Amino acid sequence: MIEILERTKDFKHKTALLVEGKEITYSYLHSQSDLIASCLLGDKEDLYEEPIAFLIEPDDKYIYTLWGIWKAGGMAIPLSLSAKKEELEYCISDTKAKRIICSKTSKVNKSLLKIKNLDLVFIEDLHLKEIRKLPDLDSERKAMVLYTSGTTSRPKGVVSSHKNIFSQIVVLVEAWQWEKEDHIPLFLPLHHIHGIINSLLCPLYQGAKVTMLGSFNFKKLSEEMMKNDFSVFTAVPTVYFSLLENLKKNTNRELIKRFKKMRLMMSGSAALAPEMHKKWQDLTGQEILERYGMTEIGMALSNPYKGKRRPGFVGTPLPKVEVRLEDENGKEINAEGVAGEVLIKGPQVFKEYLNQPQKTKDSFTDSWFRTGDVASIEEGYFKILGRDSIDIIKTGGYKISALEIEDALLKNKKIKECAVIAIDDVKWGEIIGAAIVTKDKEELNLGEVQEWCNKYLSDYKLPRKLLNMDDLPKNSMGKIMKTKIKGLFS
Ligand code: MCA
Ligand code: AMP
């Protein structure tokens, strides 16, 4: 039994989604996903974790598809709409998916999906059949694969079971007091946890309403804010930066009042600068609740719903999540103000990295998952200080591997050597900086480098700055970066 889906059946004729003004009820979500599940099953009784990829825009069809795959017993692989052919091919071959679901009306370039041994299935064609008996599923069943970058050049597939996903949701519903009267705007991408779990599945689990806006766009969001009474809001820090920039120019006081009226505004996926926290509070009166999470573990730490929310801190462990800090020798740190790696344990922690048993094993110590994030505790609250790897970049809330960008750069025959590092940026948190040495003194400017990388990488993975030694920060991180790119400039 998939507990999330069972529960949402109770909300029957209540509106679950608003998409371009169209209201979609919970019953309709179920009937459509039942049909999709039936079609996917064909003659089979159960898909037994068959990997099924999908590339569907963030509207109601996304949920029919996700739930349809789950109900048929398959393993859902939501892919990024901005991915390039190489990136898609990599994920599809890594998961060994034989079917990918797409929509006829989607703007996705379907020629990107002409991949060997892959059946392109249109969701519209899945509506023709009758509902079959759907399988009864164990909660340990693998449910979803999300691709996340790390210290390897290619992203890893994070496999979560239904139980993991359920555990991630119930914790948040309780901690953030989701109610059936809540209404949330959804504009985050739906191939990552922040969008899928926090913005979409938590409200649906509680019978609340989600307005699906596609991607983030200030004008569209403002229009919807004026039409709807949103009560909950969750975003990455870059979105708050854009909101502040736009609201500075916007004289619509009513819009600001709408933000003021919400019961909860949250930030996560990257550090929210305390100045941004303050600016937002000065403008709207809202004290942003910052929390900390990761694809492998869902959400782990959160400032309180009721109680002191401290700017620059990510709060305390969520219910049922165990968190500890360890020093370099694997000893638990209990003292305040001492930095150590964050380790996590709990039912929400993922099952495995797809096809990578050794990597899975290496990322755990005695069933504690090693996040690679460094934190300290001050007056009981966790503060994220950074990461233990220089090769991980967080930009606009996306985690990116420096090695993946370096790989793409090195495919260019003009490039002899390169090093990619994160450069602090007030809007994006970090931007991607590339130090490049060309062959035979060839010239390459930023535009050319971006054009080159754009062949292989999504837009948000493009280098935004070409670096020389003077661009490196003068702090200790700058020294580490120098080590990485040393030799390039000598
Ligand atoms: C785009 N641009 C950038 C970047 N991305 N410039 C620098 N750095 C970047 N990373 C440029 C584009 O080329 C374009 O330039 C201009 O900025 C606008 O691009 P656009 O894509 O339209 O930007 P946007 O719509 O404002 O999008 C920003 C965004 C988006 C809303 C922050 O990146 C986003 O949705 N990020 C969320 C990612 C996410 O959900 N992460 C959660 C992972 P030009 O104008 O010249 O063309 S899950 C996670 O982290 C864990 C579990 C957790 O804790 O949540
Ligand atoms: P991802 O792998 O895309 O799920 O990104 C997870 C990573 O985002 C974590 O390991 C952290 O490095 C970072 N992260 C998430 N939330 C926060 C936060 N509130 N402050 C700082 N970093 C965060």
Side-chain angles (χ1 to χ4, degrees), residues 58 80-82 146-151 155-156 158 160 168 172 186-200 213-221 234-243 245-246 266-274 277 288-303 311-315 341-342 344 348 350 363 369-375 382-389 392-401 405 422-423 425-433 446-447 450 453-454 457-465:
S80 163
L81 290 159
S82 55
L146 296 179
Y147 276 85
T148 180
S149 298
T151 48
K156 295 186 288 259
V158 173
S160 301
Q168 292 178 11
L172 301 185
L186 165 59
F187 43 77
L188 292 173
L190 289 178
H191 62 290
H192 283 301
I193 293 251
H194 196 159
I196 302 171
I197 303 284
N198 300 24
S199 301
L200 183 60
L213 297 175
S215 54
F216 175 72
N217 173 289
F218 177 76
K219 189 166 171 285
K220 195 162 178 193
L221 174 67
T234 181
V236 298
T238 308
V239 166
Y240 284 102
F241 181 95
S242 294
L243 288 176
E245 288 291 287
N246 280 287
M266 296 180 276
S267 173
S269 303
L272 180 76
H277 188 283
I288 297 172
L289 179 153
E290 186 172 2
R291 54 55 180 186
Y292 160 89
M294 193 173 181
T295 306
E296 288 88 337
I297 59 168
M299 301 299 117
L301 294 158
S302 172
N303 273 282
F313 289 80
V314 290
E341 186 183 353
V342 180
I344 308 279
Q348 80 292 1
F350 76 125
S363 62
F369 174 69
R370 312 196 70 92
T371 63
D373 287 312
V374 178
F382 282 76
K383 186 180 181 65
I384 305 294
L385 301 170
R387 292 175 295 269
D388 65 5
S389 168
I392 294 174
I393 303 168
K394 259 272 164 167
T395 179
Y398 285 110
K399 189 175 179 186
I400 292 164
S401 165
I405 321 294
I423 298 293
D425 184 83
V426 52
K427 174 172 182 183
W428 300 97
E430 291 172 343
I431 53 168
I432 299 173
L446 180 63
Q450 289 182 334
C453 289
N454 196 33
L457 304 169
S458 309
D459 183 56
Y460 58 82
K461 294 182 185 168
L462 302 185
R464 301 288 164 172
K465 198 168 185 332

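Fair warning: this is a prediction, and the values are worked out from it, not measured in the lab. Whatever order the structure lists ligands and atoms in, that order sets their numbers, starting from 1.
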For [atom], what's the nearest protein heavy-atom neighbour? Residue, atom name and distance, please.
| atom | answer |
| --- | --- |
| atom 12 (C) of ligand 1 | Asp459 OD2, 3.3 Å |
| atom 9 (C) of ligand 2 | Asp373 OD2, 3.2 Å |
| atom 21 (C) of ligand 2 | Ala271 N, 3.3 Å |
| atom 33 (O) of ligand 1 | Tyr398 CE1, 3.5 Å |
| atom 6 (C) of ligand 2 | Gly293 O, 3.5 Å |
| atom 1 (P) of ligand 2 | Thr295 OG1, 3.4 Å |
| atom 11 (C) of ligand 1 | Arg464 NH1, 3.6 Å |
| atom 31 (C) of ligand 1 | Phe216 CB, 3.6 Å |
| atom 7 (C) of ligand 2 | Lys394 CE, 3.7 Å |
| atom 13 (C) of ligand 2 | Ser269 O, 3.6 Å |
| atom 2 (O) of ligand 2 | Lys399 CD, 2.9 Å |

inquiry  = Pairs of nitrogen or oxygen atoms closer than 3.5 Å, one from Thr148 and one from ligand 2: do any exist?
reply    = yes
Evaluating non-hydrogen atoms only, which member of [options] is closest to [atom]?
| atom | options | answer |
| --- | --- | --- |
| atom 35 (O) of ligand 1 | Ser242, Pro463, Ala270, Pro189 | Pro189 |
| atom 36 (N) of ligand 1 | Gly396, Gly397, Gly195, Gly429 | Gly396 |
| atom 27 (O) of ligand 1 | Phe187, Trp428, Tyr460 | Trp428 |

Given 3.5 Å as the limit, does a donor-acceptor pair link the side chain of [X] with the main chain of [Y], or not?
| X | Y | result |
| --- | --- | --- |
| Glu341 | Asp388 | no |
| Lys465 | Ile423 | no |
| Asn303 | Leu289 | no |
| Arg387 | Ile392 | yes |
| Tyr292 | Ala271 | no |
| His277 | Ile288 | yes |
| Ser401 | Gly150 | yes |
| Ser149 | Pro155 | no |
| Gln168 | Met299 | no |
| Thr371 | Val342 | yes |

message = Over 60° means perpendicular and under 30° means parallel, so tell me whether His191 and Tyr398 are parallel, tilted or perpendicular.
response = parallel
Which atoms of ligand 1 are found less than 4.0 Å from any heavy atom of [X]?
| X | result |
| --- | --- |
| Ile193 | 52 (C) |
| Thr395 | 8 (N), 9 (C), 10 (N) |
| Thr238 | 32 (C) |
| Arg291 | 53 (C), 54 (O), 55 (O) |
| His194 | 42 (C), 48 (S), 55 (O) |
| Thr295 | 52 (C) |

query = When only distance counts, is Ser269 in polar contact with ligand 1, meaning an N/O pair under 3.5 Å?
reply = yes
query = For Lys399, is the nearest heavy atom under 4.0 Å from an atom of ligand 1?
reply = no
query = Does even one non-hydrogen atom of Lys394 get within less than 4.0 Å of ligand 1?
reply = yes
query = Heavy-atom contacts under 4.0 Å between Ala270 and ligand 2: side chain, backbone, both, or neither?
reply = backbone
inquiry  = If you apply the rule salt bridge (charged side-chain N to carboxylate O under 4.0 Å, His left out), what do you find for Arg464 with Asp459, and how did you get there?
reply    = CA-CA 10 Å; Arg464 301 288 164 172; Asp459 183 56; 3.7 Å; yes
inquiry  = Please confirm whether Arg291 approaches ligand 2 to less than 4.0 Å, judged on its heavy atoms.
reply    = yes
query = Does ligand 2 have any atom sitting under 4.0 Å from a heavy atom of Val314?
reply = yes
task = Under 4.0 Å, heavy atoms only, figure out whether ligand 1 is touched by the backbone of Glu430, its side chain, both or neither.
result = neither
task = May I ask you to identify, for Asn198, whether its side chain, its backbone, both or neither come under 4.0 Å of ligand 1 on a heavy-atom basis?
result = neither
task = Measure across Gly396 and Val236 and return the closest heavy-atom pair with its distance rounded to 0.1 Å.
result = O-CG2, 3.8 Å
[X] vs [Y] side-chain heavy atoms within contact, under 4.5 Å:
| X | Y | answer |
| --- | --- | --- |
| Arg370 | Glu296 | no |
| Pro58 | Leu81 | yes |
| Thr238 | Phe216 | no |
| Phe218 | Leu243 | yes |

task = Decide side-chain contact (heavy atoms from CB on, under 4.5 Å) for Ile405 and Lys461; before the verdict, give the C-alpha distance in whole Å, the side-chain angles of both, and the deciding distance to 0.1 Å.
result = CA-CA 7 Å; Ile405 321 294; Lys461 294 182 185 168; 3.9 Å; yes
task = Step by step, work out the side-chain contact (heavy atoms from CB on, under 4.5 Å) result for Ser242 and Lys427.
result = CA-CA 8 Å; Ser242 294; Lys427 174 172 182 183; 3.8 Å; yes
task = Please assess Phe369 against Phe350 for the test side-chain contact (heavy atoms from CB on, under 4.5 Å), listing each intermediate value before the final yes or no.
result = CA-CA 9 Å; Phe369 174 69; Phe350 76 125; 3.6 Å; yes
query = Looking at Glu290, which atoms of ligand 2 are within less than 4.0 Å of one of its heavy atoms?
reply = 18 (C), 19 (N), 20 (N)
Is there a protein heavy atom at a distance of less than 4.0 Å from [atom]?
| atom | answer |
| --- | --- |
| atom 7 (C) of ligand 1 | yes |
| atom 45 (O) of ligand 1 | no |
| atom 20 (P) of ligand 1 | no |
| atom 40 (O) of ligand 1 | yes |
| atom 3 (C) of ligand 1 | yes |
| atom 14 (C) of ligand 1 | no |

